[in-house]
A.B. asks: 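Please read through the structure below; I'll follow up with questions.
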Amino acid sequence: MNLILLGPPGAGKGTQAKRLEERRGLVQLSTGDMLRAERASGTALGKKVQAIMDSGQLVSDEIMVDLIAARIDRLPKGQGFILDGFPRTQRQAEALDAMLAKKGLRLDYIIEMKVDESALVNRLAGRFSCTNCGASYHDVHHRPKHEDVCDVCGSRDFVRRPDDRPETVKARLKTYRELTAPILPYYRAKGVLRTVDGMAPIDRVAAEIESVLERPGAASNG
Ligand code: AMP
């Protein structure tokens, strides 16, 4: 099963993708994580995208399409995946369709996580994650069970994203509204878009996604 989680920054795509990895054995393909890894290893690509990411803009479609194509190529045959943070523009959405068709793959579900934009600055400003395993937390909504210890791996190292600062969050939301939200009608017109309430508590959102996955997906749309 292959799916896309779509929604603005802070909608909870990463959190739900991690849940789906555990429950369904799917692999999370987060283009944001891939770019952060490039930056952390100091590659040419990492250096090139640094300023763009920190200003809340989008990296070019060519770079992103190549990055995701290479990653999908490396998956073991039959391994299902969750796209998190890709596609983010109409051109990426169209390139993805072409790329998957060429590889004989298809998208079964495109799930929009709908959230109230006014809540997102606070959501993002409070979030942090485990440096070791990537588990995500929030100062108010989802603190580790034991103060300063990761629930998943026990690490005590946490990190906050520089682009979660309120000024940059506003730029990222603007980018989402202008470039990414317009791809929703593209998927709606294909009849494959499903919407869940991203404002609900994490477990409720997870349950809603499960109920979407239990219903027939794109394959049955013909
Ligand atoms: P994310 O972790 O998904 O919020 O991504 C962090 C940043 O990486 C974004 O603000 C963009 O600058 C860049 N980025 C991630 N995915 C994409 C994409 N599909 N297209 C363009 N830029 C991206």
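In listed order, ligands and their atoms are each counted from 1.
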A.B. asks: Using modelled atom types and a 3.5 Å cut-off, is there a donor and acceptor pairing between side-chain atoms of Arg71 and backbone atoms of Leu29?
C.D. replies: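 No; zero donor-acceptor contacts below 3.5 Å.
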A.B. asks: Quick check: is Leu6 connected to Leu173 through a chain of hydrophobic side chains (ILVMFWY, heavy atoms under 4.5 Å apart)?
C.D. replies: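 No; Leu6 is not reachable from Leu173 via cluster members.
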A.B. asks: Check side chain to side chain contact (heavy atoms under 4.5 Å, CB included) between Ser30 and all other residues, then give those that pass, not counting sequence neighbours.
C.D. replies: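 Per chain and number, Ser30 pairs via side chain to side chain contact (heavy atoms under 4.5 Å, CB included) with Gln28, Asp33, Arg36, Asp84.
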A.B. asks: With a 4.0 Å cut-off on N to O distance, would you call Arg91 and Glu62 a salt bridge?
C.D. replies: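 Yes, charged N to carboxylate O under 4.0 Å.
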A.B. asks: Taking a 3.5 Å cut-off between nitrogen or oxygen atoms, can you list every pair linking ligand 1 to the protein, with distances?
C.D. replies:
unit_1: ligand 1; atom_1: 2 (O); unit_2: Arg36; atom_2: NH1; d: 3.0
unit_1: ligand 1; atom_1: 2 (O); unit_2: Arg36; atom_2: NH2; d: 2.9
unit_1: ligand 1; atom_1: 2 (O); unit_2: Arg161; atom_2: NH1; d: 3.1
unit_1: ligand 1; atom_1: 2 (O); unit_2: Arg161; atom_2: NH2; d: 3.3
unit_1: ligand 1; atom_1: 3 (O); unit_2: Arg88; atom_2: NH1; d: 3.0
unit_1: ligand 1; atom_1: 3 (O); unit_2: Arg88; atom_2: NH2; d: 3.1
unit_1: ligand 1; atom_1: 4 (O); unit_2: Arg88; atom_2: NH2; d: 3.1
unit_1: ligand 1; atom_1: 4 (O); unit_2: Arg161; atom_2: NH2; d: 3.1
unit_1: ligand 1; atom_1: 4 (O); unit_2: Arg172; atom_2: NH2; d: 3.3
unit_1: ligand 1; atom_1: 12 (O); unit_2: Gln57; atom_2: O; d: 2.6
unit_1: ligand 1; atom_1: 16 (N); unit_2: Thr31; atom_2: OG1; d: 2.8
unit_1: ligand 1; atom_1: 16 (N); unit_2: Gly85; atom_2: O; d: 3.4
unit_1: ligand 1; atom_1: 16 (N); unit_2: Arg88; atom_2: NH1; d: 3.0
unit_1: ligand 1; atom_1: 19 (N); unit_2: Gly85; atom_2: O; d: 2.9
unit_1: ligand 1; atom_1: 19 (N); unit_2: Gln92; atom_2: OE1; d: 3.0
unit_1: ligand 1; atom_1: 20 (N); unit_2: Gln92; atom_2: NE2; d: 2.9
unit_1: ligand 1; atom_1: 22 (N); unit_2: Val59; atom_2: N; d: 3.1

A.B. asks: Closest approach of Pro182 and Tyr176, non-hydrogen atoms and distance?
C.D. replies: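 Closest approach of Pro182 to Tyr176, heavy atoms only: CD-O, 4.2 Å.
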A.B. asks: Under 3.5 Å, is there a donor-acceptor pair between the side chain of Thr168 and the main chain of Gly56?
C.D. replies: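 Checked: no pair found.
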